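Hydrogens, waters and symmetry mates are skipped; everything else that's a heavy atom, side chains included, is used. Quick note on labels: first sequence line is chain A, next is B, and so on, each numbered from 1. As the structure is a prediction and not an experimental result, all values here were calculated from the model.
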Protein chains: 2
Amino acid sequence: MADVDAAGIFAVPERQGRGPRPAYSRAQITEAAVRIADADGLEAASMRRIAAELGTGAMSLYRYVPSRDDLIELMYDHVVGTLEVPARPTGDWRADLRLVARNTRSMWLAHPWVADLHRARPAFGPNQLRITEFGLGALDVGIPVDDILTLVNMLNGYVVTTVRAEIEWERERRRTGMTMRDWMRQSSPYVQRLLDSGEHPMLTRVVKDAALPHMSPDDQFDYGLERVLDCIASCM
Amino acid sequence: MADVDAAGIFAVPERQGRGPRPAYSRAQITEAAVRIADADGLEAASMRRIAAELGTGAMSLYRYVPSRDDLIELMYDHVVGTLEVPARPTGDWRADLRLVARNTRSMWLAHPWVADLHRARPAFGPNQLRITEFGLGALDVGIPVDDILTLVNMLNGYVVTTVRAEIEWERERRRTGMTMRDWMRQSSPYVQRLLDSGEHPMLTRVVKDAALPHMSPDDQFDYGLERVLDCIASCM
DNA sequence: CTCCATTGGGTACGGCGTACGCGGTGAGCT
DNA sequence: AGCTCACCGCGTACGCCGTACCCAATGGAG
């Protein structure tokens with residue numbers, strides 16, 4: 001991405017005509033990297049490790065990709081490509097948004113390393129464009145385009161923060177063996193001290209009264225999702 | 001954080017009684033790290049660089065902090081500590097939430113490296129607890145605690161994703177010298193080709209018709225924030 | 001006064017991303 | 001048909017990183 005083009009790696013052609021046939025391809029490299037990141041996390045997908053997976057040397061990858069950051073961008077667009085949505089919005093905006101939200105969550109859970117990406121700018125990868133088109137188009141029901149942007153942003157915010165939290169809980173569980181429910185039941189002396197101090201009434205209420213944390217993750221997500229969709233409906 | 005305690009670094013006492021007087025403190029180290037991260041980004045705040053800032057060696061820091069990740073946790077709680085909110089919710093939930101949302105944004109913009117943190121689990125730093133208490137307490141107006149959690153999550157999602165995007169745009173500007181408005185006006189051939197293809201009607205509409213991207217960042221944020229607060233109001 | 005836990009800090013290891021340069025390959029032009 | 005040279009794979013090397021381990025010096029507890 002030495003290019004000035006804000007579209008980044010996606011505006012850089014894969015290669016020119018001359019010279020020997022390339023032994024690999026961006027797609028091959030990207031898939032290998034995704035495989036490693038799925039299994040061992042994003043930081044395990046180092047240039048050396050990816051190259052080893054392909055049976056070559058680290059520096060060979062730079063014939064295909066300008067930098068590791070650009071490769072990560074390609075990885076992200078690749079997994080976004082696994083999101084299945086209709087070619088066009090169906091006309092039922094609520095069903096459409098629910099679909100894209102649920103599928104996005106599934107995709108994140110299948111590739112938890114996406115939670116570690118910095119990306120927050122508009123996405124210009126071909127697959128990202130497709131999903132964005134679908135999401136915005138679903139809400140194209142006669143309201144101003146600025147409202148579409150705001151509402152989609154709000155929904156996206158819900159999905160992203162919720163799924164990030166879910167993924168962090170899962171990582172915690174793998175590290176310490178404790179589920180959320182485990183230490184919600186005052187397993188930690190530090191947390192217990194917080195509750196006993198009386199300084200944190202809302203935390204106490206959450207630990208004692210909230211039903212949401214005791215539902216299955218799927219149900220938690222869906223419950224919140226429907227509330228957000230309700231909000232969108234009442235904002236239109 | 002070798003400890004099993006899920007509260008992490010905050011449950012690890014700073015030190016025991018014996019031995020020579022410590023030359024530094026967690027607070028000193030944390031502040032130095034924040035100073036560096038503010039100036040040059042999170043990855044510039046390496047153990048060596050922080051130690052150099054304090055005039056010591058990298059390994060000395062490990063007398064105060066178990067790992068760099070824990071130090072980052074302390075850095076986060078430290079900047080959260082700069083968030084000013086009333087001791088208790090005022091009774092005007094809308095004003096309270098607006099305050100905490102705006103102040104959170106200001107804090108993120110002052111310390112853009114917070115956008116790079118992985119943290120998404122509940123926060124047990126003392127300052128994080130204080131803000132969480134305030135936010136949840138603001139919505140404690142007779143609705144079920146599960147609804148409080150969901151609505152706060154939605155609001156938080158809006159703030160986080162919006163400010164993250166803002167920070168990424170600013171980074172892009174520093175790298176390439178282009179503002180968002182610059183290449184919204186078809187500066188990029190790649191984007192121009194996308195628009196010309198006719199495959200992306202919503203993208204085209206956003207680039208051509210949307211007013212939001214042409215407002216000041218402050219106004220963009222406030223506009224969306226009021227919409228989200230409207231949504232919350234209509235959900236109660 | 002003695003003991004020893006705790007201090008600051010140096011050295012070293014195994015990783016990382018990637019700049020650079022080499023010899024070999026083969027498509028395109030003459 | 002032969003030449004040219006852009007492009008190939010890839011090895012070496014540099015300067016970072018986090019941190020394990022070790023040491024001599026320190027100073028409160030007994």
Going by distance alone, is a donor N or O of one side chain under 3.5 Å from an acceptor N or O of the other, for Ser67(A) and Asp70(A)?
yes
Sequence neighbours excluded, which residues qualify as side chain to side chain contact (heavy atoms under 4.5 Å, CB included) partners of Ser106(B)?
none
Leu129(A) CG to Glu133(A) CD distance, which is reported to the nearest 0.5 Å
7.5 Å
Both conditions, 6.0 Å and 45 degrees, for the charged tip of Arg105(B) above the ring of Phe221(B): are they met here?
yes
What pairs meet the salt bridge (Lys or Arg N to Asp or Glu O under 4.0 Å) rule with one or both residues in residues 27-47 of chain B, with sequence neighbours excluded?
Arg35(B)-Glu53(B), Asp40(B)-Arg49(B)
Members of residues 30-52 of chain A that approach DNA chain C, where some heavy atom sits under 4.0 Å away:
Ser46(A), Met47(A), Arg48(A)
Leu71(B) CG to dC17(D) P, in whole Å, measures 14 Å
Should Arg171(B) and Asp116(B) count as an ion pair when the cut-off is N to O under 4.0 Å?
yes
What contact category does Tyr62(B) fall into here, base, sugar-phosphate, or nothing, at under 4.0 angstrom with non-hydrogen atoms?
base
Separation of Met59(B) atom CE from dC23(D) atom P, in whole Å?
15 Å
Tell me whether the OP1 or OP2 atom of dG8(C) has a side-chain N or O from Ser60(B) closer than 4.0 Å.
no
Can you find a donor-acceptor N/O pair under 3.5 angstrom joining the side chain of Arg63(B) to the base of dG8(C)?
yes
Rounded to whole Å, how long is the line connecting atom CG of Leu61(A) with atom C1' of dT18(C)?
11 Å
